[in-house]
Amino acid sequence: MHPSQIVLCLSLLVALGPAVLGGQETHQQPAVSSPDDAEQCATCEVRQHIKTMRLNAIKSQILSKLRMKEAPNISRDTVKQLLPRAPPLQQLLDQYDVLGDDNRDQVAEEDDEHAVTETIMMMATEPESVVQVDGQPRCCFFSFAQKFQANRVVRAQLWVYLRPAAEATTVFLQISRLMPVTDGNRHIRIRSLKIDVSAGVSSWQSIDVKQVLSVWLRQPETNWGIEINAFDSRGKDLAVTTTESGEEGLQPFMEVKISEGPRRARRDVGLDCDENSPESRCCRYPLTVDFEDFGWDWIIAPKRYKANYCSGECEYMHLQKYPHTHLVNKANPRGTAGPCCTPTKMSPINMLYFNREEQIIYGKIPSMVVDRCGCL
């Protein structure tokens, strides 16, 4: 590839892709080149530069697709405190451990430019003082963003942790809606559940609150919070509703599943070229993104994933056959450059992360993995 074509293609990658984030440098190993082959050395340097650009662009893409101006300021210690030690979250983490970072046997087509939320896990906060009695919070409030739509809620589960009972007993788990004290009746029973527990055994219990959530979403003014009780046969409340010493990560939380709509499944394709291949034709090369290297502790899983990148020469062809022709011609009016090696098919990744409100989100981030490369 002529040097002018290389410069032009790299310029187009920057022009057509997201801006590179400032303040965070990507650490890369220096490109290895053969002293006996100047052409191969130049090819390696070009690939290394493209890899660096791809890594920096991925940072910007993720924030843009999550509609964030900057990465949430959440440290590793904060993550440990906020992560609920609950079955649904553990199942997601186990899924990543079992499948690994690059097990993508089947993925879904994604055309949207922004993340598609699948599941949101909201930790309980204290309700407003207007519903408190004698300054006692009396449990939990869940805040819902305006983007929530009642008709898209597939499932809503309230998860409650029960302390171990002194003896085998039946526990009555009760969920009541909180109302302002001035309204008189401040307890409206929502749901109740009878649970048989063994002596000395703690457990997580879930209860369906989809109907309640639907009412709150349609009538937000009715959402003052809920009170949770789990009384054993002796009248002792076993429900953990506040963060006591040694009970971090055991407070109630709500798991809400959002509908995504129909999708088309397709198979992934294999890598076309090895990273150390001396060939310079346009094809896909392996590239692993490590979020820990970025210092992004707010991303819970995956900690790393295979993003891949495109590199190589493209034969000169009539530019009118390819998109972005006007940009190429504008950048190089003399028309001496051919098409550039670029992604022609991309797929999403699933990501578990904290947003700026410290809610845990499990969503699909579109166009984050290069599946196929071509000359455009």
Side-chain angles (χ1 to χ4, degrees), residues 17-28 54-97 99-102 104 110 112-125 142-148 159 243 248-258 260 287-307 348-369:
V20 176
L21 290 180
Q24 291 183 344
E25 296 294 332
T26 303
H27 303 285
Q28 295 292 327
R54 171 90 170 116
L55 284 170
N56 284 319
I58 284 172
K59 297 184 194 178
S60 183
Q61 282 180 324
I62 289 176
L63 295 180
S64 175
K65 292 173 189 294
L66 298 180
R67 294 183 173 90
M68 296 181 180
K69 293 183 179 179
E70 57 185 15
N73 185 20
I74 299 179
S75 67
R76 191 168 300 181
D77 291 337
T78 304
V79 169
K80 291 180 180 178
Q81 294 175 1
L82 293 175
L83 277 180
R85 292 176 280 168
L89 183 64
Q90 193 57 52
Q91 289 170 5
L92 288 175
L93 295 175
D94 290 345
Q95 175 180 313
Y96 280 104
D97 291 340
L99 295 179
D101 303 315
D102 58 346
R104 302 175 52 259
E110 180 56 71
D112 190 11
E113 287 302 316
H114 294 92
V116 179
T117 300
E118 291 184 325
T119 304
I120 298 180
M121 300 182 189
M122 292 163 287
M123 304 302 294
T125 59
F142 296 94
S143 178
F144 304 99
Q146 292 183 352
K147 65 180 181 181
F148 269 69
W159 287 85
T243 305
E248 294 84 359
L250 300 180
Q251 60 268 40
F253 74 96
M254 191 173 294
E255 176 194 11
V256 182
K257 173 73 175 181
I258 304 295
E260 295 181 277
L287 173 64
T288 298
V289 175
D290 192 324
F291 294 121
E292 291 183 336
D293 283 350
F294 291 175
W296 282 7
D297 295 321
W298 57 279
I299 294 181
I300 304 169
K303 289 300 184 184
R304 59 194 59 82
Y305 83 99
K306 294 190 181 299
I349 62 171
N350 290 325
M351 184 180 292
L352 188 66
Y353 63 95
F354 280 100
N355 63 10
R356 301 186 66 84
E357 288 74 38
E358 297 183 350
Q359 295 175 338
I360 299 174
I361 311 293
Y362 178 69
K364 193 179 295 294
I365 317 298
S367 303
M368 296 307 300
V369 179

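For the residue pair L55 and T288, the shortest heavy atom distance occurs at CD2-O, 4.2 Å. Taking each heavy atom of K59 and W296 in turn, the nearest pair found is O-CH2, 3.4 Å. Contact detail for M351 and I365: the closest heavy-atom pair is CB-CG1, 4.0 Å. Contact record, F354 with I74: CB-CD1, 3.4 Å, taken as the closest heavy-atom pair. For I58 against M368, the heavy-atom pair with the smallest separation is CG2-CE, 3.7 Å. For the pair R54 and A307, the tightest heavy-atom approach, listed with the atom from each and the gap, is NH2-O, 3.2 Å.
Partners of S143 according to the side chain to side chain donor-acceptor pair (under 3.5 Å) rule, which considers only residues two or more places apart in sequence or in another chain, do not exist here. Residues that satisfy the side-chain contact (heavy atoms from CB on, under 4.5 Å) test with A301, not counting sequence neighbours, are L93, Y96, L352. In this structure E255 satisfies the side chain to side chain donor-acceptor pair (under 3.5 Å) test together with R155, W159, sequence neighbours excluded. Qualifying side chain to side chain donor-acceptor pair (under 3.5 Å) partners for T125, counting only residues two or more places apart in sequence or in other chains: none. For E357, there are no salt bridge (charged side-chain N to carboxylate O under 4.0 Å, His left out) partners at least two apart in sequence or on another chain. The side-chain contact (heavy atoms from CB on, under 4.5 Å) test applied to M123 returns P84, Q251, F253, not counting sequence neighbours.
Here the CH2 atom belonging to W298 is positioned 9.5 Å from the CG atom belonging to N355, to the nearest 0.5 angstrom. Rounding to the nearest 0.5 Å gives a distance of 12.5 Å between OG of S64 and NZ of K69. Remark: Q61 CD to S367 OG distance equals 7.5 Å, nearest 0.5 Å.
Counting heavy atoms from C-beta on, the side chains of V256 and M121 never come closer than 4.5 Å. Between L287 and K306, the closest side-chain pair of non-hydrogen atoms is not below 4.5 Å.
Just one of I300, T119, I258, I120 meets the side chain to side chain contact (heavy atoms under 4.5 Å, CB included) condition when paired with Y362; it is T119.
In this structure, R356 contributes its side chain and M68 its backbone to no donor-acceptor pair below 3.5 Å.
By the 30° and 60° cut-offs, the orientation of the rings of F291 relative to F294 is perpendicular.
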#### Entry: I360 and Y353: CA distance, side-chain angles, deciding distance, side chain to side chain contact (heavy atoms under 4.5 Å, CB included) verdict
CA-CA 6 Å; I360 299 174; Y353 63 95; over 6 Å; no

